[in-house]
Amino acid sequence: MSRSRFRLVVDPVACDGAGVCAELLPEVISLDPWGFPIVASGDVAPGLVDMARRAVVSCPRLALHLVRVDD
Amino acid sequence: MTAPTGPGRLLDSVGTAEVVRLDAHLARWGAVPDLPVRSLLEAVDQSGLRGHGGAWFPVGAKWRSVAAGRSPIVVANGAEGEPASGKDRLLLHHAPHLVLDGAAVAAKAVGARRVIVHVSDDSVADVTTALAERERRGVDACSFEVVIAPDRFLSGQESAVVNTVNGRNIGIPSFVALRPVREQGIAGRPTLVQNVESLADVALIARYGPQWFRSVGTHDSPGTALITVTGLWESSRIVEVPLGTTLENALGITPGRADTIQAVLLGGYGGGWLPTSTALSLPFTEEAARALGTSIGAGVAVLLPAGVCPLVEVARVARYMEGEGAGQCGPCVNGLDVLASQLELLAHRPHTLSGGLSAFPTLCGLVEGRGACHHPDGVARFVRSALGVFGDHAAVHLQRGPCQTTRPFLPVPSASGVLR
Ligand SMILES: Cc1cc2nc3c(=O)[nH]c(=O)nc-3n(C[C@H](O)[C@H](O)[C@H](O)COP(=O)(O)O)c2cc1C
Ligand code: SF4
Ligand code: SF4
């Protein structure tokens, strides 16, 4: 049985670019020149999934989503 | 009521400029046969029909996913926000009953009772008249409503269509990546948004079957396409060609005539530029265009004449596209403005462009895939391809300064909706 895989998705309409997520999860999220998050492509590394969940609940705009990837 | 055998299918009965009224439509094509739902879904699957609104997604696959939901709604999308396209308006004017037949077939196939005809102001009278004719004859089992699309580039984007019909955020896309429109759209119901040309094709597939449909076109892109051609004649014209034909053959362009064409824009303002010889000899299909970094979009070919500064044209379109953005996603709002500003410098004040062309690929990369809709992706494709094709011209600007001002060529609507 394989472990679930996850991906982070930003809702660009809701996101205000204050960058809380990039501070909490710099391994996966960087900021563009205007302060909006750039999510590294691919799945979130298994060891970072818990931190990714924290970033999701800390986003003041509820703009960050952790999505399970179906095989 | 024989099946058309030539390349003219949708425009078969409208060689002349007249409108095909319901009587003439039924005399030419007959009524739509009353096929069971399963046969309709199979026929559309087997036909290989792909959507003509710009994304070329397989129609049968979308129908099956919408049909799996409860009480879906069908939208016939004739918004045609792209300024260089005129084929949807032509089709709705000349052969509205093919579109409405196709919408009725789609509704039956996916189990919808409500069809929304979403069209620009230009097409409202055409559709209303045709619907009244059908109502009098009692042609349809489904109900039709007409909704006017705002006159903006984005208004035909799928989630923007849903918002317009729902009456909130009219003409503006939403973030639907996690819950697609085909699962939750108008009134929260599964929604099938289909381009009007795709639906007209459906009307003929329902009558003549998938084998007939596949008798022209390519294996992966069967059937015909309506193409809006600008720059070959005095004004734009719409032609119907089998998919996979080269523009050279479809338009009868001689080598001498080709020499007067500076470059070709395929797919409109969200498409991309190609060198003339490449564009004219390319089999006209989405997959062939994609392989070269462009798209055929909704079937648009603009032949840029010699003697026009391409960089001025590219900057005009980029600024127009920036202004047409919905202003709600950070990377799109910021990135398109910087892109347009840099292109304006390249066109008019190239000496002030520190760093030359090096900033453009980075800027394109910063907007690609980062909006709620694909608008910024289209702009990035347009700009990347322009710098590829007009790289020599850009080098001349950087070394010797801008061209003398030329007459604007590409149609760019102003804020008031008038072409300038
Ligand atoms: C910026 C943008 C503008 C669009 N405008 C139109 C349009 O005017 N008409 C249209 O049919 N599709 C348009 N589309 C595509 C629609 O989102 C959708 O894919 C299409 O209507 C589905 O129909 P089809 O599968 O028959 O092509 C647009 C897409 C984008 C990203
Ligand atoms: S925390 Fe949320 S709102 Fe802030 S930048 Fe990240 S995704 Fe955007
Ligand atoms: S990507 Fe741009 S055009 Fe699309 S919804 Fe976001 S702001 Fe609007």
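Protein chains get the first letters and strands the later ones, always in sequence-line order, with residue 1 at the start of each.
Counting non-hydrogen atoms of neighbouring residues, nucleotides and ligands closer than 6.0 angstrom, the NE2 atom of His374(B) reaches no more than 12 such neighbours. Heavy-atom contacts from other residues, nucleotides or ligands closer than 6.0 Å to CD of Glu27(A) number more than 12.
Interface residue Val338(B): only side-chain heavy atoms are found under 4.5 Å from chain A. The part of Val67(A) that comes within reach of chain B is its side chain, from C-beta onward, which places non-hydrogen atoms under 4.5 angstrom from that chain.
Partner Pro331(B) forms a side-chain contact (heavy atoms from CB on, under 4.5 Å) with one of Val10(A), Ile38(A), Asp32(A) and no other, that one being Asp32(A).
Residues Arg370(B) and Phe36(A) approach most closely at NH2-O, 3.4 Å, considering heavy atoms. Residues Gly371(B) and Pro12(A) share a closest heavy-atom pair of C-CG, 3.6 Å.
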